[in-house]
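Input: a single structure, listed below in structure tokens.
When a ligand or atom number is given, it counts from 1 through the structure's own listing order.
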Amino acid sequence: MAKDDEGRLSEAEIAVHWKEEAVYRPSTKFVGQANLSDPAVRERFAEKNFPECYREFADLLTWDKYWTQTLDTSKAPFWKWFVGGRLNVSYNCIDRHLGQYRNKAAIVWVSEDENEPDQVLTFQELYVRVNEMAAYLRDFCGLKTGDRVTIHMPMVPELPITMLACARIGVIHSVVFGGFSGEACGTRIHDSQSRILISMDGYYRSGKLLDHKVNADIAVKKAAEEGTKVEKVLVWKRFRDKSASPTPMVEGRDFIVNDGLKAFRGKRVEPVSMPAEAPLFLMYTSGSTGKPKGCQHSTGGYLSYVAGTSKWVQDIHPTDVYWCMADIGWITGHSYIVYGPLALAATTVMYEGVPTFPDPGRPWRIAERLGVNIFHTSPTAIRSLRKVGPDEPAKYNIHFKCMTTVGEPIEPEAWKWYYDNVGKGEAAITDTWWQTETGGFLCTTIPGLDPMKPGSAGPPFLGIYPIIYDEKGQEIPPGAGRAGNICIRNPWPGIFQTIWGDADRFVKNYYAKYNHKPGSTDWHDWPYFAGDGAVWAPDGYLRILGRVDDVINVAGHRLGTKEIESACLTVPEIAEAAVVPVVDAERGRVPEVYVSLKPGVKPEGVAEKVSKAIETVIGKIARPRVVRIVPDMPKTRSGKIMRRVLASISNQMDYGDITTLANPEVVEQIRVQVQGAGPVTHKAGPSDIKEFGKDV
Ligand code: PRX
């Protein structure tokens, strides 16, 4: 299992210890209507048919020009899919549906404020608004094909409208999650070299109207400090008749989009025919260094993959009402709120606010009222809805045919509550494992074909051939009962193309580990290293244990420990900081922060300052559960902080052998500070998984 020289204890090592569960089968009613229930599909996607098997995905789209080569590996591992093909994403998500579905709802938006009416956008209205926005971006902002824009917006219909408008004119969008701080947005503006920032004045969150425009000012300032000048800030209005923000507009720089669009009423913009391999968007994610990586996703490969997975895993038909409760600011929202469902002409529901606001019945009221029949959410949301409103789903007339979970391992108990109470024993569940980098699902059951097994994501998806390696590059076969590093041996259409502006890091992070022939143009030589620990059961189902790198998966969102540590170090009193993942019953993992102070500094108020600094630099999402001020960090003789020891202490685990440390005495001091004066506690619970190569 991957370990760095600072001995970090990874999420996967604080592994889940669940029993193997009995399987559940989808109902005949579900299978009868499923998009995919023919087992022959597995044969069509067998390795011998790779890569041509992926034609089936591309054929879900409308191409301006059909491609000539399915997969070009000549610049491995910079894969090119559907080479020679041309298409436009906004055309595929909107225009081509107008003939049959013009008056069908494309997007139904639900405000957090229950008294505010929904906004329903038919495909016709979406078409009109996307065209007007595309004209505004092109003619007012001077944006052209290949330019980048940063979008820092909450969950409002104007967000997908803006994304689709960019796609219409071949502009690469970089959507930054609305909950990230202005500073985090500024760093991403600089990295992507965006000269336009698109924002919004405000939005509702837990019943409060938040000022969001203020973040745009901070972002522009931060980008300028890093060397990028934002020329225009475009601000959407949350309300038609009033401003949602007290922050003033900057003359000559800031523009209200809603006003500017008036000059473009009724304008139509020809969709720009883009090469299949042109970048569609960037999505920043955290990795093992302090700097977030801009994952670059393609046009043809990405859209084919999200359309295919939406059709065959989420079982979306155009007549379905589909609701994914994620935020569009994350990859799940891009792939499975916007692009996948709209490519299939589904009705996609968007909700502005917090699922438990004003009470835990809210999601079920929305689903009942809108007739949602496909539901998609994260284990964190499931755990929290179960905790605060276990009996709520029963009070509503909701009937889902299928449901998805994504983002973190889901424990069998939470899975069963989801199945019995939310799905009412009728809905097929897919536990989908994938990542920002992978564009779409990698491991999941196909609901019309495979039984479900609580706690396991499932078999690899169509055309995906995984392998589990140990640290030395030896294969751990299915059924070995040992965990290792999960890799995907082959490319697939949804895989990201590169890290924006950092091709070396792309190769190093994701491919170098298990590649033995750096010059090879044969895909077999380039297993994709996912950064997750996994176990492969004899029945072919994969259980994902968590990250093996310096990433913490908090409530299904990735946070880099080094990013959080550098935020801590902006507090002048702090000498050293270490961030570790800690198991949390609701959010999966949460960061805990250890800091030591500079000599002579008084500890009063420092913990609060550290928390505040993390919020400012990253956002509230990274707020640590606790900031612990310690006399010194446990260190190796060469002076490296032993985060593994701190993580063990925080997770109530035995910290193991510390005799080789430079300052072993400090470890016991910290343990007593965190765990109390009793004896060293040990990891609880029986394990059915032999961890990372060793028997436990
Ligand atoms: O550790 C895995 C976990 O989330 C990571 C990817 O995070 P991100 O790029 O933010 O994308 C989240 C949405 C796809 C993975 O490396 N993860 C994702 N899905 C699952 C999961 N862990 C277990 N089970 C899953 N279904």
Side-chain angles (χ1 to χ4, degrees), residues 1-2 10-16 18 175 177 179-180 282-288 292-295 297 305-306 309 313-314 324-337 340 376-382 403-412 414-415 418 429-445 452-461 466 483 485-488 494-496 499 509-510 528-535 541-560 563 581 587-589 621-622:
M1 177 355 286
S10 73
E11 285 195 340
E13 280 176 295
I14 316 168
V16 289
W18 303 328
V175 177
F177 169 55
F180 274 135
L282 307 180
M283 166 64 59
Y284 282 85
T285 191
S286 295
S288 36
K293 310 175 268 199
C295 295
H297 280 283
Y305 200 68
V306 297
T309 45
V313 178
Q314 310 228 62
C324 170
M325 225 165 49
D327 193 294
I328 292 175
W330 306 102
I331 192 70
T332 303
H334 276 48
S335 300
Y336 299 115
I337 298 178
H376 184 157
T377 192
S378 65
T380 288
I382 295 168
M403 310 192 299
T404 304
T405 97
V406 64
E408 323 150 63
I410 178 162
E411 50 278 68
W415 191 100
Y418 194 37
I429 295 184
T430 49
D431 175 353
T432 57
W433 171 70
W434 60 297
Q435 309 176 304
T436 304
E437 293 86 341
T438 73
F441 308 145
L442 291 180
C443 283
T444 168
T445 50
M452 307 156 241
K453 190 161 76 174
S456 293
F461 186 58
N485 298 322
I486 184 165
C487 296
I488 310 297
I495 180 70
F496 73 137
I499 296 176
N509 277 7
Y510 298 97
Y528 166 78
F529 173 68
D532 276 324
V535 203
Y541 278 45
L542 284 143
R543 176 178 296 179
I544 307 297
L545 302 175
R547 301 292 307 186
V548 297
D549 54 8
D550 304 331
V551 167
I552 308 184
N553 187 336
V554 182
H557 303 310
R558 265 160 71 170
L559 296 172
E563 270 171 74
R587 296 159 70 76
R589 300 283 186 272
I621 181 172

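Backbone and side-chain nitrogen or oxygen atoms of Thr285 are examined, and none is located within less than 3.5 angstrom of a nitrogen or oxygen of ligand 1. For ligand 1, the polar-atom distance check against Arg547 finds a nitrogen or oxygen pair separated by under 3.5 Å. On a distance-only criterion, Glu437 and ligand 1 share no N/O pair closer than 3.5 Å.
Close contacts between ligand 1 and Ile544 involve ligand atoms 22 (N), 23 (C) [criterion: under 4.0 Å to a heavy atom]. Interface atoms of ligand 1 facing Asp532, defined by a heavy-atom separation under 4.0 Å, are 1 (O), 2 (C), 15 (C), 16 (O). Within ligand 1, counting atoms from 1 as listed, the ones closer than 4.0 Å to a heavy atom of Pro409 are 22 (N), 23 (C), 24 (N). Interface atoms of ligand 1 facing Thr332, defined by a heavy-atom separation under 4.0 Å, are 13 (C). Heavy-atom proximity to Thr432, at under 4.0 Å, picks out these atoms of ligand 1: 19 (N), 20 (C), 25 (C), 26 (N).
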Please lay out, stage by stage, how Cys487 and Tyr528 fare under the test side chain to side chain contact (heavy atoms under 4.5 Å, CB included).
CA-CA 5 Å; Cys487 296; Tyr528 166 78; 5.8 Å; no

What verdict does the side chain to side chain contact (heavy atoms under 4.5 Å, CB included) test give for Phe496 and Thr438, after you've listed the backbone C-alpha separation in whole Å, the side-chain angles of each residue and the deciding distance to 0.1 Å?
CA-CA 6 Å; Phe496 73 137; Thr438 73; over 6 Å; no

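Checking Cys295, Gly287, Gly407, Gly458 against atom 17 (N) of ligand 1, the nearest heavy atom belongs to Gly407. When Trp330, Tyr336, Trp434 are checked for heavy-atom proximity to atom 18 (C) of ligand 1, Trp434 turns out nearest.
If you check which protein heavy atom lies closest to atom 11 (O) of ligand 1, you get Thr436 N, 3.6 Å.
The closest donor-acceptor contact from the side chain of Thr309 to the backbone of Val306 lies under 3.5 Å.
Trp434 and Tyr336 have their aromatic ring centers within a separation under 6.0 angstrom.
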